[in-house]
Amino acid sequence: MKAIRSAKQSNSFPLGAFLLVVFAVLIAFVFSLKYAGVNKAEFPELVEDKQIPTPTCSHNDAFYKEPFSLTLSVSQPNKIYFTTDGSQPSLKSELYTHPIHIENRSEELNNLSMIPTSPRWKPPLGNVFKGTVVRAIAVTDDNKKGPEFIRTFFVNEKKSMPYSLPVLALTVNTDDLFGFKKGIYVLGKNYEDKDDYIKKNRRLDLPWWEYPSNYLKRGDNAERPVHIEFIEDGELSFSHNAGVRINGNATRGYSQKSLRICFDEKYGTPQLNYSLFPDLPLNQFNSFVLRNSGNDWDKTMFRDAFMQSLMKGSKLDIQAYRPAIVFINAEYWGLHNIRERFDEHYISNKYKIPTDSIVVLELGGNLFFGKKDDDKSFHSLLSFVSKKDLSKAANYEYVKEQVDVENFADFIIANVYFCNDDWPNNNVKFWRYKTNVVKDSIGSKDGRWRWMLYDTDWGFGYTGNLAYQMNLLEKAKQTGSVGILFSALLKNDRFRELFKQRFGKWLNTTFKTEYAINRINEMQRVL
């Protein structure tokens, strides 16, 4: 028995030792892969070289009625690596050896549109229309890559071009928009990290649209690279690299968000030179917004654009509008409104004024754009009208030298007629050309303050069927910087007469019931 026990003991030790050795070898192998550079040897880092040509393709249009084979080529004998899922190509991607089959992918399961983007997110009611985005690079034997080729293609068997609206195809690295940590379109880590709430002393009973989420990030750190293709009548009109941010305030919480497209030298496109709005005599844009229609997102999708269009021909700055269809990585992303963005570049491009000569304020005189102390002249103006009697001609004349009173009157008239209840405690922005004010001067470079009309989403009954009963004229006299200036100006008979005449003008033209209803129907038919 003793001999038997000794034999068993001697046999058990080698087996245990053998298992330990196997485990140690496996661990060593894993660590050798991770740290010994095996992966790096197989997939080395590519160095960009702009001298290397960009691949070209056999098809130029965006929309097709039949599936087809896409041929890629490059002028030099370099290898081509490509992807069709929106990801950035690398040596890990597929090596191009034969034409790429392009077909209607709508029957495939939804991908990006199944990622929750709001506390109130709901999935699509079926498979959405999908195309194919091809990203490709030419690579030399010494691991240098040329500029990237990016093109989006769609196949629709019923009708080659299924949309009467322009199409914007956005191509992004998925993680930049939808990743848990860095994605700016999703709830993400900021939503899930409850410890972060405690550290930053955040309330846990915030409204759903204010709940800490990745999409609330702002500034340069919340901008991601994007490639944008603009397609009209099935043909590619322009294709550029740019930056993309989430745009807006509370409406960031909606499932479909507003996107700000930013052009910059670092993306190779310092400015977009294209007539985005056919009716607008302007073809230079530093940015534009793909707006989700703001608070009106789940209603008409054109409420703000409609109201602003009623003030065309006024002295107000208004934002041009054009509806469009958006795709992200070739997956249908719905209707958006192409809108101008109110910033220093809007003013510079429209009025041919250098940006360093512009100051933009908002609400009570907060500095939106400009240099320190650029807001002083407006605060001095508010102090003046608060202390002086504007019924006296001399005082009124002084204010007229500081303020374009017709512009200011139109600003009040528009919001009062719209019954825009989200104003004037909100959505107030105004600007001036930084120069010494010249008495009796006219034009945009006279140094006077001018107001901009935007974000009127709460107007025209948004807040309910009885919204028209609200007295916005009274609110305009009592609220914020608008109230201080307006109530003071109303003490002057000349301004009161000017205000009545301009209100009468609009009531008898674009505010007339027939005109407004026809305009609503016209915009609805387009959609």
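All values derive from a computational prediction rather than experimental measurement. For the single chain, residues carry numbers from 1 onward in sequence order.
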Inset, instruction - Would you mind listing every salt bridge (Lys or Arg N to Asp or Glu O under 4.0 Å) that reaches into residues 160-180, with sequence neighbours excluded? - result: D176-K182
Legend entry - salt bridge (Lys or Arg N to Asp or Glu O under 4.0 Å) partners for R218, two or more places apart: none
Legend entry - Between N190 and S213: side-chain donor-acceptor atoms closer than 3.5 Å: no
Legend entry - Salt-bridge present (R525, E522; N to O < 4.0 Å): no
Inset, instruction - For the pair Y454 and F342, name the ring-plane relationship: parallel under 30°, tilted 30 to 60°, perpendicular over 60°. - result: perpendicular
Legend entry - Of all pairs that satisfy salt bridge (Lys or Arg N to Asp or Glu O under 4.0 Å), the ones with a partner from residues 256-268, not counting sequence neighbours: E223-K266
Inset, instruction - Give a yes or no on whether the ring-centroid distance for Y96 and Y81 is below 6.0 angstrom. - result: no
Inset, instruction - Measure from the side-chain N and O atoms of N337 to the backbone N and O of M301, and report whether any donor-acceptor pair falls under 3.5 Å. - result: yes
Inset, instruction - Could you tell me if the ring centre of F499 sits under 6.0 Å from that of F486? - result: yes
Inset, instruction - Determine whether L259 and N247 make a side-chain contact, defined as any pair of heavy atoms from C-beta on separated by less than 4.5 Å. - result: no
Legend entry - Donor-acceptor side-chain pairing of E229 and T152 below 3.5 angstrom: yes
Legend entry - Residue that, paired with F154, satisfies ring pair (Phe, Tyr, Trp, His ring centres under 6.0 Å) out of F327, Y64, F68: F327
Legend entry - Donor-acceptor pair, side chain of N508 and main chain of G504, under 3.5 angstrom: yes
Legend entry - Centroid-centroid under 6.0 Å between W333 and F178 rings: yes
Identify every side-chain donor-acceptor pair in residues 281-292 under 3.5 Å, counting partners at least two apart or on other chains, and give the distances.
residue, atom, partner, partner atom, Å
N286, OD1, Q271, NE2, 3.1
N286, OD1, N349, ND2, 3.2
R291, NH1, D457, OD1, 3.3
R291, NH2, D455, OD1, 3.0
R291, NH2, D457, OD2, 2.6
N292, OD1, S258, OG, 2.8
N292, OD1, G294, N, 2.8
N292, ND2, Q256, O, 2.8

Inset, instruction - Please indicate whether N221 has more than 12 foreign heavy atoms, meaning atoms of other residues, nucleotides or ligands, lying under 6.0 Å from its CG. - result: no
Legend entry - Modelled atom types, side-chain donor and acceptor of T117 and Y215, under 3.5 Å: no
Legend entry - Other residues, nucleotides, ligands: >12 heavy atoms within 6.0 Å of K312 NZ: no
Inset, instruction - May I ask you to decide if the ring planes of W506 and F511 are parallel, tilted or perpendicular, using 30° and 60° as cut-offs? - result: tilted
Legend entry - Distance (rounded to the nearest 0.5 Å) between L453 CG and F411 CZ: 7.0 Å
Inset, instruction - Decide whether S93 and T83 meet the rule of one side-chain donor and one side-chain acceptor closer than 3.5 Å. - result: no
Legend entry - Pair S113-E331, side-chain donor/acceptor within less than 3.5 Å: yes
Inset, instruction - Run the ring-centre check on F430 versus F378 and record whether the distance is less than 6.0 Å. - result: yes
Legend entry - Ionic contact status for K144 with E45, cut-off 4.0 Å: no
Inset, instruction - For the pair R135 and E148, find out whether any cationic side-chain nitrogen is under 4.0 Å from an anionic carboxylate oxygen. - result: yes
Legend entry - salt bridge (Lys or Arg N to Asp or Glu O under 4.0 Å): pairs with one or both residues in residues 405-428, sequence neighbours excluded: K315-E406, E406-R502, D410-R502, D421-K475
Legend entry - Close aromatic pair by centroid cut-off 6.0 Å: W431 and Y351: yes
Acceptor/donor pairs from residues 366-377 side chains to any protein atom, 3.5 angstrom cut, sequence neighbours excluded:
residue, atom, partner, partner atom, Å
D374, OD2, K371, N, 2.6
D374, OD2, K434, NZ, 3.0

Legend entry - D317 and its salt bridge (charged side-chain N to carboxylate O under 4.0 Å, His left out) partner, picked from R341, K350, K429, R450: K350
